[in-house]
Amino acid sequence: MNFLTSLNESQLKAVIHPGGPLFVVAGAGTGKTKTLTSKIAYLILEGMDPSKILAVTFTNKAAREMKQRVIDMTGPYATSVWLYTFHAFGLQILRKHIAELPYGYRPNFTVIDDDDQKKIISDQIKDMGLDLKMFSVKGLRNLFSLYKMKRIDDFEKTEEEKIFLRYQSYLRESQLVDFDDLLLYPLEIFETIPKIKTYYQNYFQHVLVDEFQDTDHIQYCLLKILGEVHRQVFIVGDPDQSIYSFRGANYENARFFERDFNAEKIILDQNYRSTNLILQAANQLIQFNLNRPAAKNLESDKGLGDAPYYHHAMNDFQESFFVANEIQRLHQLGIPYDEMAVLYRNNVLSRMFEDTFIKSEIPYIIYGGISFYARREIKDALAFIRLALDFNQDFYLKRVINVPKRQIGQVSLQKLEQKAKDLNLSMFKAIDYVEVTPQAKKGMQDFKQMMIEIHEAFLDMESLDEIMALLMAKTKYIESLREEGDDIADDRIENLMDLKTVFSRGDHYYEGTFTEKLIQQLDQISLYSDLDQDVEDINRVRLSTYHQVKGLEFQAVFMVVMEEGIFPGDRALGSSFEIEEERRVAYVGMTRAKQKLYLSYADQRMLYGSMRHSLPSRFLKESRIKTEDNNDREQINTSSKHMLQTGDHVLHQIFGKGVVIRVDSDIATIAFDFPHGIKKILESHPSIRKVKKEN
DNA sequence: TCTCCATGAGTTTTT
DNA sequence: CTCATGGAGA
């Protein structure tokens, strides 16, 4: 067990902990994954049957990577470890046992995503004859998720609750489950069917949970049941990095765990990622949170390093300009683009940076658009496939019956749905009986014929790789995209090709008949939020929200738009609970940085079409980062029209001494000393200061 | 049924 | 500002 020697004292203590419930408080960059995977490897090498170990993570990526690391440490024997996300685990349980719940589900149910949920909810509202404008569908979806999480079942009869009940029965009638159900139903199974509960409680000798601060109530209940008998529960997490409470995560679960399991606690606070001035700023900041189930101070052996750098810009443009310049400078110093990240509180804030990066020719990539499987064309393709597998799937039929356009509008669709209800048939079968305009009828029959052909072609198919070609040929989807002449038609076509790649990969990955493979592949897709993007090896700066870089690290991190009202956001200002969560978000951001941390803010920026004036975020003061305002105030006040003229000598904070060789409108061209050379810089840019010659 | 415009909404989102 | 959506008119 060579790997044990690479652990530090606390990590080792956790790994060889003799047993019983253990809470490992793993601060940012303290070797959390290493400890968890070493623990699993240790258990296996000590003789534990890997198939009796259940380890749960929150992302598929984490699950996959952890499994690989365990296999690397112990050999292929470890493949049988149950290493899943909570949701994937729940799905497994449901595929086996869902029929035992009294809701009429069959094992071949389908998992729907958020957009499907919204669609169903708004359909219910319309069906009830209510005015859609009176409700926020998005709000209802969150509310329903909350209902499920809190397991509310005695309803008063508010309109919302009626919609919820209809939503729930629609799912059940249609053999659909949502993401919440993937956790809730397994819990219900365990709670109501003692035989099944006892089986799994006894079966899993060890239960391990990663990112424990992100568990919600249902997940905690599941954990409590699964760990109850053997009490070999090993959880790893950092309550200071809990940033998903809006999705139900409850970092107080850490306290519940210590209490309910009478667990021991080991703290990992030796950081291996960042230099210490960065860590000190992060430590300072998080101290302002009063509610910390596991307080700690991070420290590393990487020296003090550079102090976090604070930049005060006059407006959003100048802020982005500062960041772009700094990125180029760091790049020249040898930091690769993909070791730099620009982080912001919400997605709208990315735009200014994108524009500037395009102008400055800085390669970048934005994560956080619509995820691959949520794209229209992908969802359409999957709907065709699901419908071809089972013509009874009305929900998917509704999605694609008019794709591409077949003269079937809302009215015809409604008639079809009604007819299906009256005759107690699937909508697919009701096509033969419905009375609609001749064009619509023809469209429906063409559609039906096409689906039958696809279905029959599936019967003869052997590899998943063939699916997309057939689908595109039959549906003429690509042709219709081209005809529409959408500017993003090419992107859509490319996405469909990517989906084909996903399927052909599935051919090698899954076993069984074509249909068996396909069903596994579809399950996988339901649970995956994005494509395995390991192809992306181009060197780009990452633009992202804080939430999306949790767990990642970069040599240089730019935390931009550090403005009161944005970060922390307006909505958080009234509640200390929310402010603390925002502070944790900032803490997560700071602890991503290995060597360079920049925080910036602008006095004014364009947001939602109007000018917004902001004060610096309280998080700047709280982390005690030295501000440059004192040196700069003078310069800012004197920044009027044409501060600079040709021949002026300037001092730039980063590029040092230079001479102005040209001024065009507001851009000055300045020759700096070696190695920086000639740069174009906004003449009023706060990082430039005019100096007297030979100063 | 489709297309075009007015209207309103606009955190964060592992699954 | 930008995007999605729903209603009115062709």
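Note on naming: letters A, B, ... go to the chains in the order of the sequence lines (proteins, then strands), and numbering restarts at 1 for each one.
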*Look at all strands and tell whether A:V411 reaches a base, only sugar-phosphate, or nothing, counting heavy atoms closer than 4.0 Å.*
sugar-phosphate

*Can you tell me how far C1' of B:dG10 sits from CD1 of A:I566, to the nearest Å?*
13 Å

*Round to a whole Å and report the spacing from NZ of A:K138 to C1' of C:dC3.*
13 Å

*Counting any heavy atom closer than 4.0 Å, what does A:F86 reach on the DNA or RNA strands: base, sugar-phosphate only, or nothing?*
nothing

*Within the structure shown, what part of the strands sits under 4.0 Å from A:D180 by heavy-atom distance: base, sugar-phosphate, or nothing?*
nothing

*Would you say a side-chain N or O of A:T545 is under 4.0 Å from OP1 or OP2 of B:dT11?*
no

*asked:* Salt bridge or not between A:R542 and A:D338? Use side-chain N to carboxylate O under 4.0 Å.
replied: no

*So what does A:G409 touch, heavy atoms closer than 4.0 Å: a base, only the sugar-phosphate, or nothing?*
sugar-phosphate

*Does A:D180 come within less than 4.0 Å of A:R141, counting only side-chain N to carboxylate O?*
no

*asked:* Please classify B:dT12 as syn or anti, treating any glycosidic angle within 90° of 0 as syn.
replied: anti

*To the nearest angstrom, how far is A:K405 atom NZ from B:dT1 atom P?*
13 Å

*5′-ward residue of the pair A:F179/A:S136 relative to DNA chain B*: A:S136

*asked:* Taking 4.0 Å as the cut-off, does a side-chain nitrogen or oxygen of A:Y608 come that near to OP1 or OP2 on B:dT11?
replied: yes

*From the options A:I401, A:I112, A:I385, select the one residue that forms a side chain to side chain contact (heavy atoms under 4.5 Å, CB included) with A:Y396.*
A:I112

*Of the candidate nucleotides B:dT1, B:dT14, B:dT12, which contains the atom at the shortest distance from the side chain of A:R345?*
B:dT12

_Any base atoms under 4.0 Å from A:E581, or only sugar-phosphate, or nothing? Heavy atoms, all strands._
nothing

*With sugar-phosphate meaning primed atoms plus P, OP1 and OP2, does A:E578 contact a base, only sugar-phosphate, or nothing at under 4.0 Å between heavy atoms?*
base

_I'd like to know if A:R592 and A:E553 make a salt bridge, using a cut-off of under 4.0 Å between side-chain N and carboxylate O._
no

_Under 4.0 Å from OP1 or OP2 of B:dT1: is there any side-chain N or O of A:N402 that close?_
no

*Looking only at side-chain atoms of A:R351, point me to the closest of C:dC1, B:dT13, C:dC3.*
C:dC3

*Does the distance from a Lys or Arg side-chain N to an Asp or Glu carboxylate O, for A:D316 and A:R612, drop under 4.0 Å?*
no

_Residue A:H547, side-chain heavy atoms: nucleotide from B:dC2, B:dT13, B:dT14 that is nearest_ = B:dT13

*Would you mind classifying the nucleic acid contact of A:L183 as base, sugar-phosphate or nothing, using non-hydrogen atoms under 4.0 angstrom?*
nothing

*Ignoring the backbone of A:Q548, work out which of B:dT11, B:dT13, B:dT1 is nearest its side chain.*
B:dT13

*May I ask you to evaluate whether A:Q439 reaches the phosphate of B:dT1, defined as a side-chain N or O under 4.0 Å from OP1 or OP2?*
no

_Nearest-angstrom distance from the residue atom CG of A:N347 to P of C:dC3_ = 13 Å

*Side chain of A:T437: nearest nucleotide among B:dT13, B:dT11, B:dT1?*
B:dT1

_I'd like to know if A:R605 and A:E563 make a salt bridge, using a cut-off of under 4.0 Å between side-chain N and carboxylate O._
yes

*Please state whether the phosphate of B:dG10, meaning OP1 or OP2, lies under 4.0 angstrom from any side-chain nitrogen or oxygen of A:N346.*
no

*Could you give the CE-to-P distance, from A:M606 to C:dC1, as a whole number of Å?*
7 Å

